[in-house]
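We name chains A, B, ... by the order of the sequence lines, and we start the count at 1 in each one. These figures come from a predicted structure and were not determined experimentally.
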Amino acid sequence: MALGEFEQLVLLAILHLGDDAYGVAIVDAIEERTRRKVSRSSLYVTFDRLEAKGYLASELRAGDESRGGKLRRYVTVTAQGMMELSESRTTLLEMWQGLEPVLEHFRK
Amino acid sequence: MRTPLSPPRLAEHLMLRALRSPLQQNGVLGDLREEYARRRARSNRLSCDFWFWRQAVFVYWQFRFEERIKSHNRWQSAFVLCFTDVGHDIRFAARTLYKRPLFTAVAVLTLGLGIGAATAMFSVVQGVLIRPLSYAAPGELVNIWGVHEEWRGMVEHGVNWDRGRFNYEAYVRLRDESALFQEVAIHDVREVTVTEGGEPDRVAAGMASISLLSTLGVQPALGRWFLPGEEATVQAEAAAVTVISDEFWRTRFATDPDVLGKNVVVDGVARTVIGVLPPGFRVRRLTVHRDAGKRSLWIPICRSCGPGVNRTSHDWEAIARLAPTTTADAALAETRTLLVGRSYERLENLRIVSRKADETRGLGSPLVLLLVATGLLLVIACGNIATLLLGEMNRRRQELATRVALGAQRGRILRQLLTESLVVGVMGSVVGTLIAVVGTRILTMIAPPIPRVDQVGVNVLVLCFAIGLGLLAGVSFGALPAAISTATFGRSPSEPLTMIASRRSRFFERLLLSLEIALCTVLLVSGGLFVRSLRVLLAVNPGFDTENLATVQISVPSSTYRSTDSRVTFLNELTGRLEAIPGVVATSIANGMPFSDPILSQSVDIEGVNSESAEAWDRPVAMRFHVMPGYFETMGMPLLTGRTIEDTDGPAAPSVMVISESMARRYWSDESPIGARVRFWNRDFTVVGIVGDVKRTALDSDFEETFYVSLTQVPRLELSLVVRTAGDPLRVVPLLRQAVGEIDANLPVTNAGTMSSFIERSASDFRYRTMLMGVFGVFAAMIATVGVFGVTARAVALRTRELGVRIALGARQQSLTGLVLRSTVHDGLVGTSVGLLGAIAMSRLISGFLFGVDSWDPLTYVTVAVLLMTTCLVASYLPARRITRIDPVNVLRAE
């Protein structure tokens, strides 16, 4: 099943962050790299959706005191998730193949 | 307890209602708390709280509805999906409208005008008719009316059979013995002279029972109301106290907090201020025309205080508060038992009426008429926007057809188009509300003294009305274009979708245009009938010469001028001073003037007409006036027979009377009344002359039987001075004040004005309605003109290809212009014809408001029809002229 654009961004951000991937850090990572605002609620819904599909795994660990006692939900990409991400990348690259001159012309 | 760095608890509770699993609660809530803390380090609390609340709402929305989408309930899922799509549709509509600024501006402004007019009118209707009275438990308040039988004969002379006033004994009996009234009160209004530093002033004072405030459920803002011992039955026992209004306190005492205990001299009597009423306190006298209920001060009842207030005097209006669960019928039965049949309370037509219904009586019809007119204006505006939308749909038909081809459902597109219309409707509501706020202020500023006009304003109900109108209008003008645009999808594969949509939309465009013109005709004809009526009304001869006639009022205190001689001396001296004023051509004094003073009716005995033993209600009744010599000459009233009041008709001379033409016709139809004897107040008067009839209160009222007696033979204390001048009559008003002041500096001179202005004021209701109907008609014509222009322009644009081919084949451009114009003329004729029929139907509803003009007045109908057709022609000619600029070569090249 194809991944949506936002789902891809989330999985890629998780990969960038490694073991420190949790909500706040993922939002920072996406906003910093893409310079786009991220909807918090959409992010958490995406977590649940990806986990339900088996692309994501969650683990609760302690956070700092600013969380008022709430644990952090750390997420990692599963093997199935990596396969889907890789497939999405391949699909995109194949579609882009041969379009470099067009891109070049657009940039000019 | 919330710490400085902790987010709003309520927002967290909201999220917890949507987050079910520990994973969600920890992850979402914990992350948002962490981010909140980070933001608090660099931003103020308000912006951080706002951010947190936004996140909470979005989380609640997504998790709560996301959960429902996963549920197996199809209808819930459909509702959720539909609801989620609505947000998308609104954003799409906003983007689409943003890309078409001219269309959006025209549509929103047109709709705003219609909604603004309707909302402004509704705010007046709401304030005057709908809003409850501003008293505690207003539903319990009732008026009690009962006409004394001796007044039965005066009904045709202004005594209101439905609103008979009470006497003091009836009030006392009800107050003490009724079980079904919680409270009963009576009140009256009169002009008094207040002397409190500076010039004496005439103000309206209320006289009321001790129970008035408790009946209304009102408390004084300062001090107290009257106590039981302060309501008296004889002058000597009357308490010299007063309760002043908030406005009086502000203007006379500069809101002095120590005003209690200070004195105000009222009609020569020093009264102690014991209380101040709250701002805006009003109690209207419903039997006084256009009484707004404003009183500068209140004094307690003194049953025998003042002239004319005696045991059988019926001068009081009664207000009562029903006991809870008591009905008006039950209270009426009890009141009959308590009052009717007593020797001095021969009351007839006893009625108990809801105070609210009574206060708004007679106001409903004209206001509802104006509201209906604004409703028609709004329908015209909606029709205009519908034609605009049809034109837009035509322009977008390729876009819509493409979307269908790509798989869009018809229902989805229909919903999106309707959403666009609703967004225009809401924007129109916003603009309309702004127009209504300004419009309401203007309406109330220029309005004649309508009762309860102080209750008019833009409140929550009015705002809801504006929004509701906007949504309704959005659906109304959006449904047809949306339905037409999507009607042909998938139905006629052999014919291009675009062609079918174009033909059908053209048909409906023309149909809507005809409807607009028809409604415009109705409004213009109604407005035209009002205008004609007003002109006829203002041309009515009131019976006297109104040119250069000024008048002022004075009230002579009985305490200063006790004897008849002193009063006659005062009158003669005043007359002499008035005649000496430069610029005065003629002058006189009377106890009342037409169009500015209350009617004084009097029952009389006429020798040979009625027997002396006749009951009061069987006696002849006429209007009574007391005048000085020269009155008729000053007023320009014609003397028909005999003579007028002369200088020789002094106190020692035989009492004389001059009667009006209508009185002579009624009681002496077969003989001359000169020399006839007429008796009233135990005194005989001889008729010496007949003068022409005069309108008393309104130009559209009938002439009433009137008699005039000499002021020096029967002196009165309420006087009107009237002067005719060579130049501007208002210039002599200061000299009139000076002449009065030279005799007695304590006499206030009030109500200065010209007879022309008083007559104009008497027609102010009529003028107000006419002006508004005229304005609505003009607005309707403007909107319809824009509609005609737009439809014709679109017709030319749509037919450019066809017209270009025709020109290429030899057709003359002028004849093609005529072809397009004929289409508009046809639509205009259809609309005007239907509109004239509609106007005839509407005129039956407004015939009661017209004067001197038939509701089917042909001049008005023909004028409106010609004007509208001419406007249609001119409005369509400009866009039609573009045909002359069509280049057939370019058209064929494009083919």
Side-chain angles (χ1 to χ4, degrees), chain A residues 1 4-7 9-11 13-14 16-17 19-32 36-78 81, chain B residues 1-9 11-43 48 50-71 80 84 87-88 91:
Chain A
M1 201 184 302
E5 187 206 357
F6 187 63
E7 287 172 335
L9 288 177
V10 168
L11 291 174
I14 294 171
H16 277 293
L17 290 167
D19 290 336
D20 287 332
Y22 74 103
V24 177
I26 292 169
V27 164
D28 288 345
I30 296 175
E31 287 185 350
E32 199 182 304
R36 269 167 53 174
K37 284 284 172 199
V38 173
S39 161
R40 294 343 181 235
S41 54
S42 300
L43 176 73
Y44 299 116
V45 162
T46 304
F47 279 174
D48 288 347
R49 193 163 58 243
L50 289 172
E51 188 156 3
K53 290 179 188 175
Y55 302 160
L56 207 72
S58 300
E59 184 190 22
L60 288 174
R61 299 208 292 263
D64 59 30
E65 61 191 15
S66 64
R67 297 178 71 87
K70 294 294 180 190
L71 303 172
R72 276 184 187 158
R73 179 183 181 180
Y74 285 90
V75 288
T76 50
V77 183
T78 60
Chain B
M1 195 173 71
R2 193 181 167 189
T3 64
L5 288 181
S6 57
R9 283 264 169 90
E12 291 192 339
H13 284 306
L14 180 67
M15 282 190 278
L16 284 172
R17 288 176 67 86
L19 302 169
R20 295 297 164 84
S21 67
L23 205 60
Q24 289 173 343
Q25 288 172 7
N26 279 283
V28 178
L29 204 50
D31 282 356
L32 289 177
R33 279 181 182 171
E34 193 176 318
E35 234 184 309
Y36 180 86
R38 246 179 25 184
R39 283 172 179 263
R40 280 291 284 123
R42 54 175 199 269
S43 286
C48 292
F50 179 69
W51 173 86
F52 196 84
W53 266 107
R54 263 184 50 221
Q55 306 311 316
V57 167
F58 288 143
V59 164
Y60 180 84
W61 175 270
Q62 292 224 252
F63 278 86
R64 197 63 186 252
F65 284 98
E66 192 78 9
E67 182 187 334
R68 292 203 181 202
I69 285 170
K70 286 182 210 159
S71 78
V80 165
T84 313
H88 172 263
R91 285 194 297 275

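- In this structure, no portion of A:Glu65 lies under 4.5 Å from any heavy atom of chain B.
- Interface remark: of the candidates B:Leu32, B:Asp31, B:Leu29, B:Val59, B:Asp31 forms the most heavy-atom pairs closer than 4.5 Å to chain A.
- Among B:Gln25, B:Glu34, B:Arg33, the residue with the largest count of heavy-atom pairs under 4.5 Å with chain A is B:Glu34.
- For the pair B:Gln62 and A:Tyr44, the minimum side-chain heavy-atom distance is 4.5 Å or more.
- Closest heavy-atom contact between A:Tyr22 and A:Tyr74: CD2-CE2, 3.8 Å.
- Shown here is A:Asp19, whose CG atom has no more than 12 heavy atoms of other residues, nucleotides or ligands within 6.0 Å.
- Taking CG of A:Leu11 as the reference point, atom CG of A:Leu56 lies at 6.5 Å (rounded to 0.5 Å).
- Looking at A:Leu71, the atoms closer than 4.5 Å to chain B (heavy atoms on both sides) sit in the backbone and in the side chain alike.
- In this structure, chain B has heavy atoms under 4.5 Å from both the backbone and the side chain of A:Ser42.
- Of the atoms belonging to A:Arg40, heavy atoms from both backbone and side chain fall under 4.5 Å from chain B.
- If you check the side chains of A:Glu7 and A:Thr46, you find no donor sitting under 3.5 Å from an acceptor.
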